[in-house]
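Each remark here refers to the structure printed beneath this line.
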Number of protein chains: 2
Amino acid sequence: MMKLKNDISDKAVGRLSLYRRLLQELLENGRSQVFSHELAIRAGCTPAQVRRDIMNLEVLGSPAKGYEIQKLMAGISSVLDSDAPQKVGLAGVGNLGRAILAYFSGRTPQFVITAAFDSDPTKVNRVIHGCRCYPVDELVSVVREENIQVGIVAVPAAEAQQVVDEFCRGGVLGLMNFAPVRVRVPVGVYVENLDVMAALERVAFFARRLSAVRGE
Amino acid sequence: MMKLKNDISDKAVGRLSLYRRLLQELLENGRSQVFSHELAIRAGCTPAQVRRDIMNLEVLGSPAKGYEIQKLMAGISSVLDSDAPQKVGLAGVGNLGRAILAYFSGRTPQFVITAAFDSDPTKVNRVIHGCRCYPVDELVSVVREENIQVGIVAVPAAEAQQVVDEFCRGGVLGLMNFAPVRVRVPVGVYVENLDVMAALERVAFFARRLSAVRGE
DNA sequence: TTCACGCTGTGAATTGTTTCACATAGTGTA
DNA sequence: TACACTATGTGAAACAATTCACAGCGTGAA
Ligand SMILES: NC(=O)c1ccc[n+]([C@@H]2O[C@H](COP(=O)([O-])OP(=O)(O)OC[C@H]3O[C@@H](n4cnc5c(N)ncnc54)[C@H](O)[C@@H]3O)[C@@H](O)[C@H]2O)c1
Ligand SMILES: NC(=O)c1ccc[n+]([C@@H]2O[C@H](COP(=O)([O-])OP(=O)(O)OC[C@H]3O[C@@H](n4cnc5c(N)ncnc54)[C@H](O)[C@@H]3O)[C@@H](O)[C@H]2O)c1
């Protein structure tokens, strides 16, 4: 019944992830303390925002020295990371799927892409970037057996809902969806849509808007 | 001095992009009208949200028939698209860069990736997915000459700032950044950060949170 | 030891976004 | 023609995120 560290917003979690990477970089540059305004500049936000976000952690800074980087990182990790590395499954080993396998392979102690799935017989039963690739028919059983909790969807739009349904039947609790559609999931499953098409349309729109402002 | 259709929020623009794709699908299924609640279900939002977003357009619906799909799509396009297809440049033809080239190649009338850039001599001076690949030293001049207004950054994190600086010197007004860092840009340049690492950390975090809620 | 400084932690204010709720109007029916 | 129905368009309310602003404190300087 105790209140967990749960009431952190979506966006705040994303910023904590970013702060952690920035702190790692600072650490590698030999720094051991940091002020909110330094992190803010690197993260592209305000010092007040940084301090608010740090309030979600059980870490205190000192006015004279700022925050201890080691402590901050530990605080962030205790919120973001689970005790054991989290298992991730990937559906769709096409252009994007392979890029994602390469990107996460080895780089992230907190995540491991344990299994990949594809419907193309020429792609399955191989190991790609250290990850075993299974036929998609085995998705539910492998996800269940391996206790995979997070799914990444990188199949064509038309197949996305079906693959999502199977991930959910396998018991995943979170999904990252790259297909340019919105998928339906049971309550209790978190979905993050990474809509690259919409993102590029936003960029183009605001670029145009800014040029209009300049031009006038 | 007239007020342009400018006061549309970031998020609303993203949703309009999504609506357009959903409408295209409906059209292909033979539909010609649509109600706000139908779009809302497909877009994963509320009917009120859909109607608010449509208020940004100069399109009216009728209570009895809903919205005319053709009119809605035309309204969205008149806000999102520029008159001519917009030229886009891509820096970094690695795993992700190639996936992006494949993704946008031919698929999007409103965007064309006109030029790609890489520092690796084995990758340049070829055509990949229909796009000419230049040495990165030529980035500024090609962007300027071709009048490329949008840049996509898919180089390693350590190179991102430098590439962004060059895009800006070339005169781009918008950037989509896949590198897991925040880059500095001159005022008047719009940056959209697509932070896949942060997105996956969010998914993992909320998946864990939901499982805790369930488990209790 | 005392003082001045500048940063933290946070309540309050502000800004931005989403939802509510209802007056209004178009359509089908009788 | 008149009525019942249902969905739109939107002002206002609710909610969420960000920024302001300042009390309080720890440090280093003198
Ligand atoms: N390539 C990109 O940069 C990019 C960017 C953003 C979004 N996306 C989206 O990501 C998805 C994948 O894109 P891509 O470029 O890798 O496409 P792709 O065609 O290269 O790869 C799709 C893969 O999914 C597999 N597949 C098809 N149906 C399947 C099923 N039912 N179960 C399992 N696997 C199946 C195919 O065999 C193929 O290997 C698409 O929805 C696309 O819109 C791609
Ligand atoms: N692969 C993914 O799925 C993925 C996902 C999210 C983010 N990212 C990010 O996208 C970026 C690229 O990822 P990737 O997996 O394609 O890496 P990659 O190593 O496969 O490709 C990087 C490419 O950039 C080129 N390059 C290096 N320095 C350059 C420079 N100064 N100018 C121009 N080109 C240069 C390299 O020659 C290479 O072709 C990285 O920042 C990565 O963190 C990748």
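Naming convention: chains lettered A, B, ... in sequence-line order (proteins, then strands); numbering from 1 in each chain. Note that the coordinates shown come from a computational prediction; the quantities given were computed from them, not determined experimentally.
Summarising the geometry, the separation between CD on E38(B) and C1' on dT8(D) is reported as 14 Å, rounded to the nearest angstrom. Atom CG of D53(A) and atom C1' of dA17(D) are 10 Å apart (whole Å). Regarding D10(B), its CG atom lies at a distance of 16 Å from the C1' atom of dA16(D), rounded to whole Å. Rounded to whole angstrom, the span from the CG atom of L57(A) across to the C1' atom of dT8(C) amounts to 15 Å. Atoms OH (Y67(A)) and C1' (dC25(D)) sit 14 Å apart, rounded to a whole Å. Following rounding to the nearest Å, L60(B) (CG) and dA7(D) (P) show an atom-to-atom distance of 18 Å. We find that CD of E58(B) is positioned 12 Å from P of dT10(D), with the value rounded to whole Å. Rounded to an integer number of Å, the gap from K71(A) NZ to dT8(C) P is 15 Å.
V50(A) places a side-chain heavy atom less than 4.5 Å from the side chain of C45(A). Two residues are said to be in side-chain contact when any heavy atoms from C-beta on lie closer than 4.5 Å; V88(A) and F104(A) fail this criterion.
With DNA chain D read from its 5' end, the first of the two nearest nucleotides for G66(B) and K11(A) is the one closest to G66(B).
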Exercise for the section: Encode nucleotides 19-30 of chain C as B, S and - characters from 5' to 3', where the letter depends on protein heavy atoms closer than 4.0 Å: B to the base, S only to sugar-phosphate, - to neither. Expected result: B-B-----S---

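In this structure a side-chain-to-backbone donor-acceptor pair under 3.5 Å is present from K87(B) to E146(B). Listed for the E38(B) side chain is a donor-acceptor partner under 3.5 Å among the backbone atoms of F35(B).
By the 6.0 Å contact criterion, CG on N29(B) is enclosed, its count of non-hydrogen atoms from other residues, nucleotides or ligands being greater than 12.
With salt bridges taken as basic N to acidic carboxylate O contacts below 4.0 Å, none links R42(B) and E25(B).
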